[in-house]
Trainee: 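Quick one: the structure is below, and I'll ask about it shortly.
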Amino acid sequence: MDLLELREQIDVIDRQIVELYEQRMDISRQVAEYKISTGKKVLDKQREAEKLAKVRALAHNEFNSCGVGELFEQIIAMSRKLQYQLLTEKGSQGRLPFIGVDELETDKARVVFQGAEGAYSQAAMMQYFGNMVNSFHVDSFRDAMNAIEEGSADFAVLPIENSTAGIVNEIYDLLQEYENYIVGEQIIKIEHCLLGVPGGSLAEVRTVYSHPQSLMQSAKYLEQHDWKQISMQNNAFAARKVAEDGDRSQAAIAGEHAARVYGLQVLQRQVNHSGTNSTRFIIVTNQKIFRKDAKKVSICFEVPHESGSLYHMLSHFIYNHLNMTKIESRPIEDRNWEYRFFIDFEGNLADSAVKNALRGLREEARNMKILGNY
């Protein structure tokens with residue numbers, strides 16, 4: 001046979017496969033209706049494992065057995081997704097424990113941020129809540145999460161990722177640990193300045209203080225000078241130290257906002273080598289709420305330590321036409337080489353596609369948690 005005839009035969013077989021697939025999905029629809037009426041769960045791991053073993057055994061060689069197994073894993077997964085969709089359409093998706101609101105109540109809110117006066121977190125807070133915000137600051141991210149969990153603050157402003165330094169690992173871990181939820185975000189451009197005592201000059205500088213990441217982001221500039229570099233917990237702490245010491249040989253790398261707060265002089269602007277450096281801050285509260293116009297959902301979950309398990313979780317986004325914008329992983333404490341995945345995707349908790357995807361993830365993943373919709 002020539003190639004054209006072989007392709008024609010494949011086309012005939014493909015049409016038959018499509019017809020059989022549609023017949024199978026029609027039966028899956030009937031199975032879903034039965035499960036809705038009886039309250040049975042969609043996922044039946046034992047039944048699926050038995051089914052995959054049977055179809056693999058029907059193949060005539062090892063290669064085909066592997067291929068048939070992979071094919072039927074997909075077919076069974078599509079059947080499950082159809083059943084989840086039908087459950088959602090029938091109103092059996094279960095209520096999500098989040099309340100939609102038109103606006104966040106921020107007028108009389110008390111807001112906490114980590115660091116000291118003059119920190120980038122404070123600048124982000126003021127951009128989001130306004131300059132007259134009622135706020136206070138704490139030493140650590142955990143202190144900020146405790147403040148909103150206990151009710152001494154209504155909202156916390158926390159940095160979650162920087163465009164050059166990457167994610168803030170501790171924030172991801174705390175989001176999973178605490179029953180606090182993301183309700184907003186604020187992105188600010190990071191422009192590090194070299195700050196000194198009023199009346200001082202670059203020629204007098206001998207020691208520079210800043211956070212390790214800020215020192216790293218300003219490495220190209222600092223390499224041009226023979227200055228001692230000392231790491232601080234926070235840029236604002238560095239600026240405060242320089243202001244309190246009043247020593248012209250000391251300088252801090254921090255934002256211009258810190259210069260205004262501590263009365264320092266800007267000796268050099270934009271000492272960080274990246275002109276596009278930005279940090280994303282999240283607005284967190286202890287209430288399970290989301291704005292009705294929210295467009296991004298953040299979740300986290302664990303997966304079974306099995307081949308293809310993450311792929312099957314991510315397929316829920318593909319099937320429901322949801323655009324996943326970010327995925328990160330963090331090691332799970334006391335479980336070596338196992339990881340928790342953090343995912344951002346576009347959508348709103350009121351959308352049926354989002355409800356359908358979350359239904360599937362809740363059924364099939366381990367410890368799935370909605371971190372917020374904002």
Trainee: Between Leu194 and Ala251, which heavy-atom pair has the shortest distance, and what is it?
Mentor: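 Residues Leu194 and Ala251, closest heavy atoms: CD1-CB, 3.7 Å.
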
Trainee: Distance-only, no hydrogens or angles: does the Lys35 side chain make a donor-acceptor pair with backbone N or O of Leu87 under 3.5 Å?
Mentor: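 Here the side-chain-to-backbone pair does not exist.
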
Trainee: Could you tell me whether the side chain of Ser28 and the main chain of Ser79 form a donor-acceptor pair under 3.5 Å?
Mentor: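 Looks like no, no N/O pair under 3.5 Å.
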
Trainee: Counting only heavy atoms from other residues, nucleotides and ligands, does the tally under 6.0 Å from CG of Asp14 exceed 12?
Mentor: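 For Asp14, atom CG is crowded (more than 12 foreign heavy atoms under 6.0 Å).
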
Trainee: Is there side-chain contact between Arg340 and Glu333, with at least one heavy-atom pair below 4.5 Å?
Mentor: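 In short, these two side chains do not touch, never coming nearer than 4.5 Å.
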
Trainee: Is Ser135 reaching over with its side chain to a backbone N or O of Val111, donor-acceptor style, under 3.5 angstrom?
Mentor: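 No; zero donor-acceptor contacts below 3.5 Å.
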
Trainee: Could you report the tightest heavy-atom contact between Ala77 and His312, atom names first, then the distance?
Mentor: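 That closest heavy-atom pairing would be CB-ND1, 4.5 Å.
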
Trainee: On a heavy-atom basis, which atom in Ser298 and which in Tyr374 lie closest, and how many Å separate them?
Mentor: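 Looking at all heavy atoms of both residues, the shortest contact is OG-OH, 2.7 Å.
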
Trainee: In plain terms, say whether Arg110 and Asp154 are close enough for a salt bridge, that is, a side-chain N and a carboxylate O under 4.0 Å apart.
Mentor: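 No, this pair does not count.
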
Trainee: Look at Arg29 together with Glu33 and state whether they make a salt bridge at an N to O cut-off of under 4.0 Å.
Mentor: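 No, no charged N to carboxylate O under 4.0 Å.
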
Trainee: Within a reach of under 6.0 Å around CD of Gln46, are more than 12 heavy atoms found that belong to other residues, nucleotides or ligands?
Mentor: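 No, not enclosed.
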
Trainee: Sort out for me which residue in Glu185, Glu103, Glu105 forms a salt bridge (charged side-chain N to carboxylate O under 4.0 Å, His left out) with Arg291.
Mentor: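 The salt bridge (charged side-chain N to carboxylate O under 4.0 Å, His left out) with Arg291 is passed solely by Glu103 among Glu185, Glu103, Glu105.
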
Trainee: Could you report the tightest heavy-atom contact between Met145 and Val284, atom names first, then the distance?
Mentor: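 Closest heavy-atom pair between Met145 and Val284: SD-CG1, 4.4 Å.
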
Trainee: Got Val157 and Gln186 here, is their nearest side-chain heavy-atom distance under 4.5 Å?
Mentor: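 The answer is no, as the side chains (C-beta and beyond) never meet within the 4.5 Å cut-off.
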
Trainee: Dump the intermediate steps for side-chain contact (heavy atoms from CB on, under 4.5 Å) on Leu174 and Asn180, then the final yes or no.
Mentor: CA-CA 9 Å; Leu174 291 171; Asn180 296 327; over 6 Å; no

Trainee: Less than 4.5 Å apart, side chain to side chain, heavy atoms only: is that true for His211 and Asn234?
Mentor: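 A side-chain contact under 4.5 Å is absent here.
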
Trainee: Is it the case that Gln122 and His137 place a side-chain donor and acceptor less than 3.5 Å from each other?
Mentor: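 Side-chain D/A pair, Gln122 to His137: absent.
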
Trainee: Verify whether one side chain among Gln213 and Asn162 offers a donor that lies under 3.5 Å from an acceptor in the other.
Mentor: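 There is no such pair (donor and acceptor under 3.5 Å, judged by atom type) between the side chains of Gln213 and Asn162.
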
Trainee: Determine the interplanar angle of the Phe301 and Phe341 rings, folded into 0 to 90°, and report it as parallel if under 30°, tilted if 30 to 60°, perpendicular if over 60°.
Mentor: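 Aromatic pair Phe301/Phe341 classed tilted.
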
Trainee: Ignoring hydrogens and angles, tell me if any N or O in the side chain of His192 forms a donor-acceptor pair with the backbone of Gly255 under 3.5 Å.
Mentor: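 Not confirmed, His192 side chain does not pair with Gly255 backbone.
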
Trainee: Determine the interplanar angle of the His225 and Trp227 rings, folded into 0 to 90°, and report it as parallel if under 30°, tilted if 30 to 60°, perpendicular if over 60°.
Mentor: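 Ring orientation of His225 relative to Trp227: parallel.
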
Trainee: Using distance only, find each side-chain donor-acceptor pair of residues 56-71 under 3.5 Å and give its atom names and separation, not counting sequence neighbours.
Mentor:
residue : atom : partner : partner atom : Å
Asn61   : OD1  : Phe63   : N            : 3.2
Asn61   : OD1  : Asn64   : N            : 2.7
Ser65   : OG   : Arg56   : O            : 3.3

Trainee: If you define the side chain from C-beta out and look only at heavy atoms, does anything of Ile343 sit under 4.5 Å from Ile327?
Mentor: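 Yes, their side chains come closer than 4.5 Å.
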
Trainee: Applying side-chain contact (heavy atoms from CB on, under 4.5 Å) to Ile167 and Lys326, what does each step give before you reach the verdict?
Mentor: CA-CA 11 Å; Ile167 67 170; Lys326 188 175 185 64; 4.1 Å; yes

Trainee: When you measure from the side chain of Asn320 to the backbone N and O of Leu322, does any donor-acceptor pair fall under 3.5 Å?
Mentor: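 It does not hold such a pair.
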
Trainee: For the residue pair Tyr311 and Val303, establish whether any side-chain heavy-atom pair is separated by less than 4.5 Å.
Mentor: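 No, side chains not in contact.
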
Trainee: Any side-chain to backbone donor/acceptor pair from Asp143 onto Val138? Under 3.5 Å, distance only.
Mentor: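 Judged by distance alone, no pair lies under 3.5 Å.
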
Trainee: Any salt bridge between Glu346 and Lys296, counting N to O under 4.0 Å?
Mentor: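 No.
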
Trainee: Would you confirm whether Asp351, through its side chain, and Ala353, through its main-chain N or O, come within 3.5 Å as a donor-acceptor pair?
Mentor: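 No.
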
Trainee: Is the number of heavy atoms from other residues, nucleotides or ligands under 6.0 Å of Lys40 NZ greater than 12?
Mentor: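 No, NZ of Lys40 has 12 or fewer neighbouring heavy atoms, counting only those of other groups under 6.0 Å.
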
Trainee: So which atom in Ser121 and which in Pro159 form the shortest heavy-atom distance, rounded to 0.1 Å?
Mentor: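 Ser121 and Pro159 have their closest heavy atoms at OG-CD, 4.0 Å.
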
Trainee: Do Gln176 and Phe342 have side-chain heavy atoms sitting under 4.5 Å apart?
Mentor: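 A side-chain contact under 4.5 Å exists here.
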
Trainee: Would you say Phe136 has more than 12 foreign heavy atoms packed within less than 6.0 Å of its CZ?
Mentor: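 Yes, the 6.0 Å shell around CZ holds more than 12 heavy atoms from other groups.
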
Trainee: Hey, does Gln233 have a side-chain heavy atom less than 4.5 Å from the side chain of Gln114?
Mentor: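 In contact.
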
Trainee: With Phe345, which of Val354, Leu314, Thr325 fulfils side-chain contact (heavy atoms from CB on, under 4.5 Å)?
Mentor: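 Of the listed residues Val354, Leu314, Thr325, the side-chain contact (heavy atoms from CB on, under 4.5 Å) partner of Phe345 is Val354.
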
Trainee: Nearest heavy-atom pair of Ile283 and Phe129: which atoms, and what distance?
Mentor: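 The answer is CG2-CZ, 3.6 Å.
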
Trainee: Thinking salt bridges, do Arg280 and Asp344 make one under a 4.0 Å N-O criterion?
Mentor: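 Yes, charged N to carboxylate O under 4.0 Å.
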
Trainee: Go through the steps for Ser309 and Glu306 under the test side chain to side chain donor-acceptor pair (under 3.5 Å), then give the verdict.
Mentor: CA-CA 6 Å; Ser309 58; Glu306 301 167 359; 6.0 Å; no

Trainee: Taking Asn272 for its side chain and Glu191 for its backbone only, find out whether a donor-acceptor pair lies under 3.5 Å.
Mentor: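 Absent.
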
Trainee: Would the distance check show the side chain of Asn373 and the main-chain N or O of Asn348 forming a donor-acceptor pair, the cut-off being under 3.5 Å?
Mentor: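 Side chain of Asn373 to backbone of Asn348: no pair is present.
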
Trainee: Got a donor-acceptor contact below 3.5 angstrom from the Asn169 side chain to the Arg330 backbone?
Mentor: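 No, the answer is negative, given that no donor and acceptor are paired below the 3.5 Å cut-off.
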
Trainee: Which residue is it: Asn146, Asp173, Asn286? I am looking for the one with a side-chain hydrogen bond (donor to acceptor under 3.5 Å, both in side chains) to Tyr178.
Mentor: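 It is Asn146, the one option of Asn146, Asp173, Asn286 that forms the side-chain hydrogen bond (donor to acceptor under 3.5 Å, both in side chains) with Tyr178.
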
Trainee: Would you indicate whether Arg7, at its atom CZ, is surrounded by more than 12 heavy atoms from other residues, nucleotides or ligands within a distance under 6.0 Å?
Mentor: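 No.
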
Trainee: Run the salt-bridge test on Glu363 and Arg80 with the 4.0 Å N-O cut-off and return the result as yes or no.
Mentor: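 Not counted as a salt bridge, because no side-chain N and carboxylate O are separated by less than 4.0 Å.
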
Trainee: With Arg142, which residues qualify under salt bridge (charged side-chain N to carboxylate O under 4.0 Å, His left out), at least two apart?
Mentor: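 Salt bridge (charged side-chain N to carboxylate O under 4.0 Å, His left out) check on Arg142 returns Glu177.
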
Trainee: Gln9 versus Val12: any side-chain heavy-atom pair under 4.5 Å?
Mentor: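 No, every pair of side-chain atoms sits at 4.5 Å or beyond.
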
Trainee: Other hydrophobic cluster members with Phe237, side-chain heavy atoms of Ile/Leu/Val/Met/Phe/Trp/Tyr under 4.5 Å, chained?
Mentor: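 The other cluster members (ILVMFWY side chains, heavy atoms under 4.5 Å, direct or chained) are Leu195, Val197, Tyr209, Ile230, Met232, Val242, Val261, Tyr262, Leu264, Val266.
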
Trainee: With ring centroids as reference points, do Tyr128 and Phe281 lie under 6.0 angstrom apart?
Mentor: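 No: the rings miss the under 6.0 Å criterion.
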
Trainee: Determine whether the side chains of Tyr84 and Glu364 contain a donor N or O and an acceptor N or O closer than 3.5 Å.
Mentor: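 Checked: Tyr84/Glu364 side chains pair up, N/O donor to acceptor below 3.5 Å.
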
Trainee: Considering residues, nucleotides and ligands other than Ile99, do more than 12 of their heavy atoms fall under 6.0 Å from its CD1?
Mentor: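 No, not enclosed.
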
